[in-house]
Amino acid sequence: MTVTGKKLENPPLDEIGRKIEKSAKIAGRKADEVALVAVSKTRSSDEIRPLLESGHRVFGENRVQEAAEKWPALKAEYPDVELHMIGQLQSNKAAEAVALFDYIHSVDRMSLVKALGKEMDRQDRHPPCFLQVNIGEESQKGGCDIAAVPQMLQQLRDAGIKVAGLMAVPPEGTNAMPYFALLAKLARDNGLDGLSMGMSGDFEKAIKLGATHIRVGTALFGPRETNQT
Ligand SMILES: *Cc1c(COP(=O)(O)O)cnc(C)c1O
């Protein structure tokens, strides 16, 4: 709790804020066009609280179950928290996801679009969604095919889902820049502004290529014990 009402300093948060500002400036953009989604997966509420006490409100989780265990209590303390679902989502978790999250970054297939659309209508709650694109055409990875983007966007709209933009996770161990550039082009070609791309290791590059939402975990919280992605 913020007993004094004063915002506490948080050196990693401040450092990332400076980097966001610098990258945005280089790209001729404004820093406030970039939302920092603090990825709190695997972190306990006690680890998350210092960021809340510093005034940060935008967080990302990759598992519905884990988010449902941590966030209702934290949201009771900090009602203006904005919670983002960034991980693969099973259709049978659609109801819980729609109830809990304010944005969903990982919509990538028809069955999920249908399940989410139905739940949004039922709950009368419409969290904007990013279409996740398998930008590196990796067989194991979530995300729709690049060629399917226009048709998938139409499906989202037909289901009454608000489209926030495109999201991707480039292949590990490669230069992410061409993938960021490709995602940005896909967004432009489809008349979308929102771009969820860039993580701890590459968010500055992502901002230079137009990211509106960066998803940063380890740079804020330190290394995760499990290599959960
Ligand atoms: C874990 C995760 C992140 C954050 O990764 P870091 O390297 O810790 O910044 C971003 N996006 C997705 C989809 C993730 O699962």
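One is the number of the first residue; the rest follow in order along the sequence.
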Next item on the list: Go through the steps for E77 and L52 under the test side-chain contact (heavy atoms from CB on, under 4.5 Å), then give the verdict.
Entry: CA-CA 10 Å; E77 276 178 65; L52 289 162; over 6 Å; no
Check: Side chains of E61 and S40: does their closest heavy-atom pair fall under 4.5 Å?
Finding: yes
Item checked: Rounded distance (nearest 0.5 Å) linking atom NE2 of H84 with atom CZ of F130 -> 7.5 Å
Notebook entry, point to check: What distance separates K70 NZ from R63 CZ, expressed to the nearest 0.5 Å?
Noted result: 10.5 Å
Checklist line | Nearest non-hydrogen partners of P72 and A67, listed with the distance | finding: CD-O, 3.6 Å
Margin query: Classify the ring geometry of H105 against H213: parallel below 30°, tilted from 30° to 60°, perpendicular beyond 60°.
Written below: perpendicular
Notebook entry, point to check: Can you check whether V39 reaches F221 side chain to side chain, under 4.5 Å on heavy atoms?
Noted result: no
Margin query: Looking at S44, is its backbone amide N or carbonyl O close enough to the side chain of E47 to form a donor-acceptor pair, meaning the two atoms are under 3.5 Å apart?
Written below: yes
Margin query: Would the distance check show the side chain of S54 and the main-chain N or O of K7 forming a donor-acceptor pair, the cut-off being under 3.5 Å?
Written below: no
Check: If you take all heavy atoms of V107 and I104, which pair is closest and at what distance?
Finding: CG2-CG2, 3.9 Å
Margin query: Test salt bridge (charged side-chain N to carboxylate O under 4.0 Å, His left out) on D14 and R18; report intermediate values, then the result.
Written below: CA-CA 6 Å; D14 296 344; R18 281 193 295 275; 5.4 Å; no
Notebook entry, point to check: Are the side chain of S106 and the backbone of Q88 linked by a donor-acceptor contact shorter than 3.5 Å?
Noted result: no
Checklist line | Heavy-atom closest pair, residues G143 and D108 | finding: N-OD2, 2.9 Å
Note to self: Is it true that E33 and T212 share a donor-acceptor pair across their side chains at a distance under 3.5 Å?
What the structure shows: no
Notebook entry, point to check: Is the closest side-chain heavy-atom distance between V64 and Q90 below 4.5 Å?
Noted result: no
Notebook entry, point to check: Is the number of heavy atoms from other residues, nucleotides or ligands within 6.0 Å of CG (D124) greater than 12?
Noted result: no
Margin query: Whether the side chain of N175 engages the backbone of M177 through a donor-acceptor N/O pair (distance < 3.5 Å, no angle test) should be reported.
Written below: yes
Note to self: Please check: side-chain N/O of R215 versus main-chain N/O of V169, any donor-acceptor pairing under 3.5 Å?
What the structure shows: no
Note to self: Can you confirm whether L74 sits close enough to F59 that some side-chain heavy atom of one is under 4.5 Å from a side-chain heavy atom of the other?
What the structure shows: no
Notebook entry, point to check: Hey, quick one: are V58 and L83 part of the same hydrophobic cluster, counting side-chain heavy atoms closer than 4.5 Å, chains of contacts allowed?
Noted result: no
Item checked: Nearest atoms (heavy-atom pairs only) where T42 meets E66 -> N-OE2, 2.6 Å
Item checked: Exceeds 12 heavy-atom contacts within 6.0 angstrom, atom NZ of K114 -> no
Note to self: I'd like to know whether I26 forms a side-chain contact (heavy atoms from CB on, under 4.5 Å) with I207, so could you lay out the CA-CA distance, the side-chain angles of the two residues, the decisive distance to 0.1 Å, and finally the verdict.
What the structure shows: CA-CA 9 Å; I26 289 168; I207 292 168; over 6 Å; no
Next item on the list: Work out which heavy atom in L195 is nearest to a heavy atom in G210; give both atom names and the distance.
Entry: CD1-O, 3.5 Å
Note to self: So, applying side-chain contact (heavy atoms from CB on, under 4.5 Å) with Y103, which one of P128, S196, P127 is it?
What the structure shows: P128
Notebook entry, point to check: K22 versus K25: any side-chain heavy-atom pair under 4.5 Å?
Noted result: no
Next item on the list: Apply side-chain contact (heavy atoms from CB on, under 4.5 Å) to F203 and V34, showing your working.
Entry: CA-CA 10 Å; F203 68 87; V34 183; over 6 Å; no
Notebook entry, point to check: If you round to the nearest 0.5 Å, how far is CG of L89 from CG of L116?
Noted result: 6.0 Å
Next item on the list: Indicate yes or no: at least one non-hydrogen side-chain atom of M197 is less than 4.5 angstrom from one of L209.
Entry: yes
Next item on the list: Quick one: do M120 and C129 satisfy side-chain contact (heavy atoms from CB on, under 4.5 Å)? Show the steps, please.
Entry: CA-CA 11 Å; M120 288 179 189; C129 294; 3.6 Å; yes
Next item on the list: Find out if a path of hydrophobic residues (ILVMFWY) with successive side-chain heavy-atom gaps under 4.5 Å connects L156 to I86.
Entry: no
Notebook entry, point to check: Does a side-chain heavy-atom distance below 4.5 Å link Y78 with H56?
Noted result: no
Next item on the list: Verify the cluster assignment for L183 and V149: are they in a single hydrophobic cluster under the rule of side-chain heavy atoms below 4.5 Å apart?
Entry: yes
Next item on the list: Would you indicate whether D102, at its atom CG, is surrounded by more than 12 heavy atoms from other residues, nucleotides or ligands within a distance under 6.0 Å?
Entry: yes
Margin query: Under 4.5 Å between side-chain heavy atoms, counting indirect links through other Ile/Leu/Val/Met/Phe/Trp/Tyr residues: same cluster for I214 and Y179 or not?
Written below: yes
Notebook entry, point to check: What distance separates I16 CD1 from E21 CD, expressed to the nearest 0.5 Å?
Noted result: 13.5 Å
Check: Is there a donor-acceptor pair closer than 3.5 Å between any side-chain N or O of D121 and the backbone N or O of K118?
Finding: no
Notebook entry, point to check: Hey, are K208 and E204 close enough for a salt bridge, meaning a charged N less than 4.0 Å from a carboxylate O?
Noted result: no
Check: Can you get from M167 to L192 by hopping between Ile, Leu, Val, Met, Phe, Trp and Tyr side chains that sit under 4.5 Å apart?
Finding: no
Checklist line | Short side-chain donor-acceptor distance under 3.5 Å, E69 and Q65 | finding: yes
Item checked: Check: E119 main-chain N/O paired with R125 side-chain donor or acceptor under 3.5 Å -> no
Note to self: Whether the side chain of K41 engages the backbone of R224 through a donor-acceptor N/O pair (distance < 3.5 Å, no angle test) should be reported.
What the structure shows: no
Next item on the list: Measure the spacing between CG of L186 and CD1 of I146 and express it to the nearest 0.5 Å.
Entry: 6.0 Å
Note to self: Test your reading of the model: is there a side-chain donor-acceptor pair from S200 to the backbone of T218, 3.5 Å cut-off?
What the structure shows: yes
Item checked: Contact summary for L220 and A38, nearest pair of heavy atoms -> CD1-CB, 3.4 Å
Checklist line | Gap separating the CG atom of D80 from the CZ atom of R57, nearest 0.5 angstrom | finding: 4.5 Å
Note to self: Just so I know, are the side chains of L100 and M85 near enough to count as touching, which here means a heavy-atom distance under 4.5 Å?
What the structure shows: no
Notebook entry, point to check: Is a side-chain donor or acceptor of R157 paired with a backbone partner of V163 at a separation under 3.5 angstrom?
Noted result: no
